[in-house]
Every structure is written in C-alpha cells, then in structure tokens.
Q: 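To start, I am sharing the structure in question, which I have written as structure tokens.
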Amino acid sequence: MTTAQIQELDVQPTPLALLLLGREADPRSERGVECPGDLPAPSDPDLVERARAAKERLGDKVFVLGHHYQRDEVIQFADVTGDSFKLARDAAARPEAEYIVFCGVHFMAESADILTGDDQKVVLPDLAAGCSMADMATAEQVAECWDVLTEAGIADVTVPVSYMNSSADIKAFTGKHGGTICTSSNAERALNWAFEQGAKVLFLPDQHLGRNTAVRDLGMSLEDCVVYNPHKPNGGLTVEELRAAKMILWRGHCSVHGRFNLDSVNDVRERIPGVNVLVHPECRHEVVAAADYVGSTEYIIKTLEAAPAGSEWAIGTELNLVRRLANRFAPEGKEIVFLDKTVCFCSTMNRIDLPHLVWALESLADGKLVNRIQVDKETEAHAKLALERMLALP
C-alpha cells in the first residue's frame, strides 16, 4: 500500500511502524535511525571492495564482530562470528583494537562496551539495529515490578535472572539486586544458582526461555510459572499468584522465534517424514515440547556439524543462519530447511547491511568516530557485576 493510499484511508502509521521503516525516531527507545553522513547506495558495485579497502586501511585498529543472524554480505567481513556473549568476550580479548565494529544489535554492542577497555570504542553501524525483545523491558517498568514484588512481601526472596538479550539498564538492575545474567546455553545453571540464593526468580525479559528452562530442565510445572505483564496494574497478577509462583516471567519474547508454533512442527513432519526438528529455546513451550532437539545457536551449529550425512533437519531459528547452514552442509548430503513456511528474518538485525558497514569503516578510516555505543560508568559497574556472577557460575 502506498503512502497516498494510506492517507486516502485516513490511517496514521504508528511511531513504531515509522521506526521500523527507517523514518523518524522513538525518543523513549535507545535506538536512532539517522547517520551523520551519506550512506553509499546499495547498488554501488564497489561496496565489497570499499569495505575491504577501509578495513585494510584500519589494520589492527579495528576488530569486526558478526552475529550469526547477520546477512552474508556483512558476515564476510567479520573477524569472528558467534552469539552475542561470545562476541563481547572476543572483543574484550582484543585490547589492541581501538575500534570494535559490532555487526549485531544495540544490547550486544552495550555488552561489548561493558566488557572492553576504556580506551576501546564500540561502534554499531546502524543505530536502528535494536532488539524488540530487549525493548519489551524498560528500566522504569522493571523498577515498578520490583515495587509490586516488595508490596507483596516477596522481593527479599526473589532473585532476578536476566537474559543476555537485555539492555544495559536491565543488566544493571539485575546486578544491584543480587542477580545474574544468563545465555541460552547456561540458563539452567543460572536458574539453579538463583534458587540457591532465594525461593523465587524474576526472569527478564524472555518468558519463553525462562519457562522452557524451568519446566524442561529443572522439572517444574507450568503452574509454577506466572507471567508479569508490565502494561497491566500489578502485572495482571494477584498477590496470591505472585506468592505461589516460583518463576515470575516477564511478558517478553523474540519476534522471530515467537512466530513458530505447533502447526509449523506438524506441517514439516508431514512434508518430510523422519525429519529432525531442532529449535532454539526462545521458541514457545509447545514448540520446544514437540521438537527433537533444543538448544542455543551454538548448540544448533554443533548438532548439525555432528549430524550424519543424508540426515534431514528442520531448524527453528533466524533465517539468515538457517540458509547459511543449509549451504554449508549441502555438500555433505544434509538437508536443512526452515521450520516455518513463512520467511522471517530478524528485521532489526538485518538493518546492518553492506552500505552501513562501508560507511562506518570508511568513517573510522578517515578519523571520524561514528555511532559509538557507550554505557555510563554507574550502569556499567552494576551490569558488569551481574555479568561477573554469570562468569563465576559452576
């Protein structure tokens, strides 16, 4: 539908819609949409050579990180690839790199800034590359939730556990309140640690990872879990429900993994008899329960590496990665398909494209620092404490 047609219907696009379209900005979000310069045209045939030349000019001064969900055109310039926490740690292990160019999303760049040295500068090629899940929990909302838990008389026995896919503010809240951070790989260990500290866990911001870990790995029941909705008074929960719950799950989710449903699993099993269904734990509980294998992005990659030739797999995670894995393992006779029929990229991750990367690298090579992601010192201190607790997990 064109803009003229929308105007004719007297339909006004929401601020979020404009933000996702790359127009205007949301002042309540950490994301922006403007670059202080002109982007190269996507049709420029010299983009690859320009990126390569700028990276060579920078030499050891730059270290490029590429998240698994990035486009192939960007991944080719990454010095290392991985999930968000692995990349942040890789950046911290390269103190000689003055510039860390993070091809990922905003919270990942924040984590890299927290873990790297004061003399290192973290750059996000497009400030509009945010994370819808991370944006589902703001510092103000979480502080209000803690007040609700305090009034219910349970805050002192509740330990916050925040997923890596959260803002620096949420990580700092977690650190200040005696909690820890977790990844999709170590969520079980993080929850076991948390329940040694208190009787309840406030899990932020992905309800699905929290529920799946509690029920699938720790043996809890679905009744042990309640969902706190920050848009409802008292989270939409009674005092009795809060006191009875072991897991208080924040009402957040991944817009990509949340798309998969039980019909997706049933459909692919009908189309490909004997297919192995392998999904990320950010998927809904019904999907995880119906899958053959469940694990983090790194787990998915390692499982496919170890899979026998000729095996067939349906993968429930971001499409850029699934396509890359399908191409990688095709010569080994492994058939890898996307779990759902609907094409679904991570829209904000996909904002990091070759023009933005070229612009960022060329700007740095010309001595212009652009799109720096910098966490204030107080937030950094508390967030780092929560991250260090995670690193100390048994």
Side-chain angles (χ1 to χ4, degrees), residues 16 19-20 26 28-33 65-70 81-92 100-116 121-142 160-175 179-187 190 203-210 230 250 252-258 280 282 296-297 318 346-352 371-376 379-388 390-391:
L16 177 59
L19 181 65
L20 293 176
D26 180 356
R28 295 170 298 176
S29 169
E30 80 273 9
R31 296 173 289 166
V33 295
L65 309 175
H67 190 272
H68 285 309
Y69 297 167
Q70 284 295 326
T81 60
D83 60 18
S84 58
F85 186 61
K86 174 184 180 296
L87 292 176
R89 293 189 72 182
D90 285 343
I100 305 296
V101 176
F102 209 127
C103 298
V105 294
H106 193 277
F107 79 81
M108 300 178 187
E110 284 184 327
S111 296
D113 184 60
I114 290 168
L115 293 175
T116 52
K121 303 169 185 66
V122 178
V123 170
L124 186 65
D126 186 352
L127 292 180
C131 171
S132 59
M133 180 201 297
D135 286 345
M136 289 177 190
T138 68
E140 294 78 12
Q141 289 173 331
V142 175
V161 175
S162 293
Y163 191 20
M164 181 63 67
N165 299 30
S166 59
S167 69
D169 286 338
I170 301 306
K171 291 183 176 72
F173 167 89
T174 305
T180 186
I181 308 303
C182 76
T183 68
S184 52
S185 299
N186 68 9
F203 194 90
L204 301 153
D206 180 23
Q207 62 171 304
H208 299 306
L209 177 62
W250 193 262
H253 66 276
C254 170
S255 58
V256 171
H257 292 107
H280 195 282
E282 288 176 19
S296 67
T297 303
E318 204 274 341
C346 176
S347 59
T348 48
M349 185 83 72
N350 252 13
R351 294 192 68 95
I352 307 293
N371 286 13
R372 183 178 184 183
I373 302 299
Q374 192 168 21
V375 179
D376 68 86
T379 301
E380 177 182 300
H382 290 296
K384 197 167 189 176
L385 179 60
L387 286 165
E388 287 172 348
M390 181 183 76
L391 294 174

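Because the structure is predicted, anything quoted here is derived from the model rather than measured. Residue numbers run from 1 in the order of the sequence given.
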Q: Looking at Pro230 and Met136, what are the two nearest heavy atoms and their distance?
A: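 Shortest heavy-atom separation between Pro230 and Met136 comes out as CG-O, 4.4 Å.
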Q: Grab the two heavy atoms, one from Phe102 and one from Ala88, that are nearest each other, plus how far apart they are.
A: CE1-N, 4.4 Å
Q: Shortest non-hydrogen contact from Ile352 to Gly104?
A: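 That closest heavy-atom pairing would be CG1-O, 3.5 Å.
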Q: Can a donor-acceptor pair be found, under 3.5 Å and without considering hydrogens, that links the side chain of Lys171 to the backbone of Ser166?
A: yes
Q: Side chains of Phe203 and Leu209: closer than 4.5 Å at any heavy-atom pair?
A: yes
Q: Ignoring hydrogens and geometry, is there a side-chain-to-backbone donor-acceptor pair from Asp113 to Val375 under 3.5 Å?
A: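 Yes, Asp113 side chain to Val375 backbone: donor-acceptor pair under 3.5 Å.
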Q: State, yes or no, whether a side-chain contact exists between Val101 and Pro125 at a heavy-atom distance under 4.5 Å.
A: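 With C-beta onward as the side chain, the pair touches.
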Q: Among residues at least two apart in sequence or on other chains, which ones pass salt bridge (Lys or Arg N to Asp or Glu O under 4.0 Å) with Lys121?
A: Glu98
Q: With a 4.5 Å heavy-atom cut-off, do Cys254 and His208 have their side chains touching?
A: no
Q: Taking atom OG1 of Thr174 and atom CD1 of Ile181, what is their separation to the nearest 0.5 Å?
A: 4.5 Å
Q: Given side chains that start at C-beta, do those of Gln374 and Val122 come closer than 4.5 Å, heavy atoms only?
A: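 The answer is no, as the side chains (C-beta and beyond) never meet within the 4.5 Å cut-off.
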Q: What closest approach, in Å, do Gly175 and Leu385 show between heavy atoms, and which atom pair accounts for it?
A: O-CD2, 3.7 Å
Q: With a 3.5 Å distance limit and no angle check, can you tell me whether Lys384 reaches the backbone of Leu115 through a side-chain donor-acceptor pair?
A: no
Q: Which heavy atom of Cys182 sits nearest a heavy atom of Ala190, and at what distance?
A: CB-CB, 3.6 Å
Q: Tell me if a side-chain donor or acceptor on Ser296 pairs with a main-chain N or O of Ser184 at a distance below 3.5 Å.
A: no
Q: Taking Met133 as the fixed residue, which of Glu282, Gln207, His253 is the one that meets the side chain to side chain contact (heavy atoms under 4.5 Å, CB included) rule?
A: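 Of the listed options, the one satisfying the test is Glu282.
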Q: Measuring only between side-chain heavy atoms, which start at C-beta, is Thr297 closer than 4.5 Å to Glu318?
A: no
Q: Start with the C-alpha gap between Asp169 and Thr138, add the side-chain angles, then the distance that decides, and say whether side chain to side chain contact (heavy atoms under 4.5 Å, CB included) holds.
A: CA-CA 8 Å; Asp169 286 338; Thr138 68; over 6 Å; no
Q: Any non-hydrogen side-chain atom of Asp83 less than 4.5 Å from a side-chain atom of Thr183?
A: no
Q: Among Val142, Ile170, Asp206, find the one that has a side chain to side chain contact (heavy atoms under 4.5 Å, CB included) with Trp250.
A: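 Among Val142, Ile170, Asp206, the one meeting side chain to side chain contact (heavy atoms under 4.5 Å, CB included) with Trp250 is Val142.
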Q: Return the set of residues passing salt bridge (Lys or Arg N to Asp or Glu O under 4.0 Å) with Asp90 (not counting sequence neighbours), or none when no residue passes.
A: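 For Asp90, the residues satisfying salt bridge (Lys or Arg N to Asp or Glu O under 4.0 Å) (neighbours in sequence not counted) are Lys86.
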Q: As a quick check of understanding, evaluate side chain to side chain contact (heavy atoms under 4.5 Å, CB included) for His67 and Met108, giving each step before the final call.
A: CA-CA 9 Å; His67 190 272; Met108 300 178 187; 3.4 Å; yes
Q: Do Leu391 and Arg89 have side chains that get closer than 4.5 Å, going by heavy atoms?
A: yes
Q: Mind checking the CD1-OG spacing from Ile373 to Ser111? Nearest 0.5 Å is all I need.
A: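 Interatomic distance, Ile373 CD1 to Ser111 OG, rounded to 0.5 Å: 11.5 Å.
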Q: To check you understand the geometry: which heavy-atom pair defines the closest contact between Ala129 and Leu124, and what is its length?
A: O-CD2, 3.9 Å
